[in-house]
Amino acid sequence: MAFQRLKDQWVLITGATSGIGKACAFHFAEAGSNLILTGRRKNRLKEISKEIGEHYSVQIETFTFDIRDREACKKCVDAISDPIDILVNNAGLASGKDPVDQADFEDWDKMIDTNIKGLLSMTRFVSEKMRKRNSGHIINIGSIAGHEAYAGGSVYCATKHAVKAITQATKMDLHGTNIRVSAVSPGLVDTEFSEVRFHGDRDAAETVYKNMDPLTADDIAEIILFTASRPPHVNIMDTIVLPTAQSSSTMVHRSS
Ligand code: NDP
Ligand code: 8X3
């Protein structure tokens with residue numbers, strides 16, 4: 001098996017109800033990992049667990065909560081008695097793509113509270129447990145938007161730049177332990193991301209991936225599993241991965 005080291009590991013994936021998080025759940029299960037899946041949509045967590053259970057004999061726990069609720073994050077982590085070997089900090093969103101002088105404050109709060117504060121809450125509670133065991137791996141989902149900014153992305157890009165900084169600082173905070181800290185930073189991935197960004201406007205969302213081959217959630221899940229399955233002395237700090245048709249946040253080649 002390609003990812004032998006992941007067998008019997010407990011993996012906590014935030015935002016496992018769709019896109020990259022959901023793909024990770026299936027790929028880790030295929031590698032024999034046990035799963036702790038979180039998200040706000042309870043039905044989705046139920047359906048995904050059922051489907052995984054039909055294909056793979058791994059243990060699955062689910063927790064339904066909003067990652068912006070710090071107490072709920074704590075309750076989830078406190079309730080997990082198994083060791084959390086891998087934390088995939090994936091839950092996140094873009095909300096709106098308006099210029100800074102016209103943007104909606106609620107959109108800004110949503111992105112900051114989810115992508116930065118939610119990720120930090122989970123990291124805070126899980127890393128405390130990992131330090132006690134002197135073992136674990138935290139994998140943060142960043143973005144090309146954490147390496148470059150683009151117009152209309154002031155706050156989303158800021159949150160992903162924050163994820164990059166948090167990844168680097170967390171590695172330093174845990175310096176001298178066996179805990180690994182990584183980021184995976186994708187470009188355009190065809191998930192529910194754009195539909196969420198454009199507040200349910202499917203036409204606007206489809207335009208993002210029109211006439212080009214975007215990455216898929218499976219492409220990113222495979223890189224996350226690769227990152228998680230390196231030998232214990234190998235810590236991949238960050239992987240920037242773009243579709244071949246994308247060369248920067250704003251350069252996307254589209255066939256006519
Ligand atoms: P999706 O919209 O498909 O998935 C987002 C996931 O995050 C869902 O499972 C959602 O679950 C969860 N989530 C969002 N808000 C909250 C919240 N407040 N509390 C708990 N869970 C939440 O998008 P992607 O799979 O594309 O996004 C996953 C990550 O990848 C994000 O961090 C995103 O920024 C990043 N990314 C995406 C790229 C792309 O082009 N798609 C590129 C680069 C990075 P639920 O709604 O059930 O709560
Ligand atoms: C998602 C990729 O380019 O839409 O992080 O910001 S992008």
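Quick caveat: nothing in here was measured; it's all calculated off a predicted structure.
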Open item on the list: To check you understand the geometry: which heavy-atom pair defines the closest contact between Asp218 and Ala23, and what is its length?
Closed with: OD1-CB, 3.6 Å
- [ ] Supply the atom-to-atom distance Arg41 CZ to Thr17 OG1, rounded to the nearest 0.5 angstrom.
- [x] 4.0 Å
Open item on the list: Take a 6.0 Å sphere around NZ of Lys117 and say whether it holds more than 12 heavy atoms from other residues, nucleotides or ligands.
Closed with: no
- [ ] Give a yes or no on whether Ile60 and Leu225 share a hydrophobic cluster (residues Ile, Leu, Val, Met, Phe, Trp, Tyr; joining criterion: side-chain heavy atoms under 4.5 Å apart).
- [x] yes
Open item on the list: As an exercise, state the distance from OG of Ser121 to CD1 of Ile67, rounded to the nearest 0.5 Å.
Closed with: 7.5 Å
TODO: Answer yes or no: does atom CG of Asp213 have more than 12 heavy-atom neighbours from other residues, nucleotides or ligands under 6.0 Å?
DONE: no
Task: Min side-chain heavy-atom separation Ile141-Asn89 under 4.5 Å - done: no
- [ ] Provide the full list of ring-ring contact (aromatic ring centres under 6.0 Å, His included) pairs with a residue in residues 206-254, sequence neighbours left out, each pair given once.
- [x] none
Task: Any Ile116 side-chain heavy atom under 4.5 Å of Met111 side chain - done: no
Open item on the list: Filter on ring-ring contact (aromatic ring centres under 6.0 Å, His included), then keep only pairs touching residues 60-85, sequence neighbours left out; what's left?
Closed with: none
TODO: Find the distance between NZ (Lys97) and NE2 (His199) and round it off to the nearest 0.5 Å.
DONE: 12.5 Å
TODO: Show your reasoning for whether side-chain hydrogen bond (donor to acceptor under 3.5 Å, both in side chains) applies to Thr170 and Asp173.
DONE: CA-CA 5 Å; Thr170 304; Asp173 286 341; 5.3 Å; no
Open item on the list: Distance check, rounded to the nearest 0.5 Å: Asp107 atom CG versus Asp98 atom CG?
Closed with: 7.0 Å
- [ ] Sequence neighbours left out, what passes side chain to side chain donor-acceptor pair (under 3.5 Å) with Asn90? Give chain and number order.
- [x] none
TODO: Sequence neighbours left out, what pairs pass ring-ring contact (aromatic ring centres under 6.0 Å, His included) with at least one residue falling in residues 156-198?
DONE: Tyr156-Phe193
TODO: Write down the atom of Arg230, the atom of Ile236, and the distance for their closest heavy-atom approach.
DONE: CG-CD1, 3.9 Å
- [ ] Could you please spell out the steps behind the side-chain contact (heavy atoms from CB on, under 4.5 Å) verdict for Ile223 and Asp219?
- [x] CA-CA 7 Å; Ile223 290 163; Asp219 293 329; 5.5 Å; no
Task: Rounded distance [0.5 Å steps], NZ in Lys74 versus CD in Glu128 - done: 7.5 Å
Task: His147 and Ile240, any side-chain heavy atoms less than 4.5 Å apart - done: yes
Task: Partner set under side chain to side chain contact (heavy atoms under 4.5 Å, CB included) for Glu195, not counting sequence neighbours - done: Arg202, Ala205
Open item on the list: Can you give me the closest heavy-atom contact between Met130 and Ile138, atom names plus distance?
Closed with: SD-CG1, 3.8 Å
Open item on the list: Enumerate the ring-ring contact (aromatic ring centres under 6.0 Å, His included) contacts for residues 82-136, please, sequence neighbours excluded, ordered by first and then second residue.
Closed with: Phe105-Trp108
- [ ] Applying side-chain contact (heavy atoms from CB on, under 4.5 Å) between Trp10 and each of Ile86, Ile84, Asp85, report the one that passes.
- [x] Asp85
Task: Thr167 side chain to Asn140 side chain, donor-acceptor N/O pair below 3.5 angstrom - done: yes
Open item on the list: Rounded to the nearest 0.5 Å, what separates atom OG in Ser18 from atom CD in Glu192?
Closed with: 3.5 Å
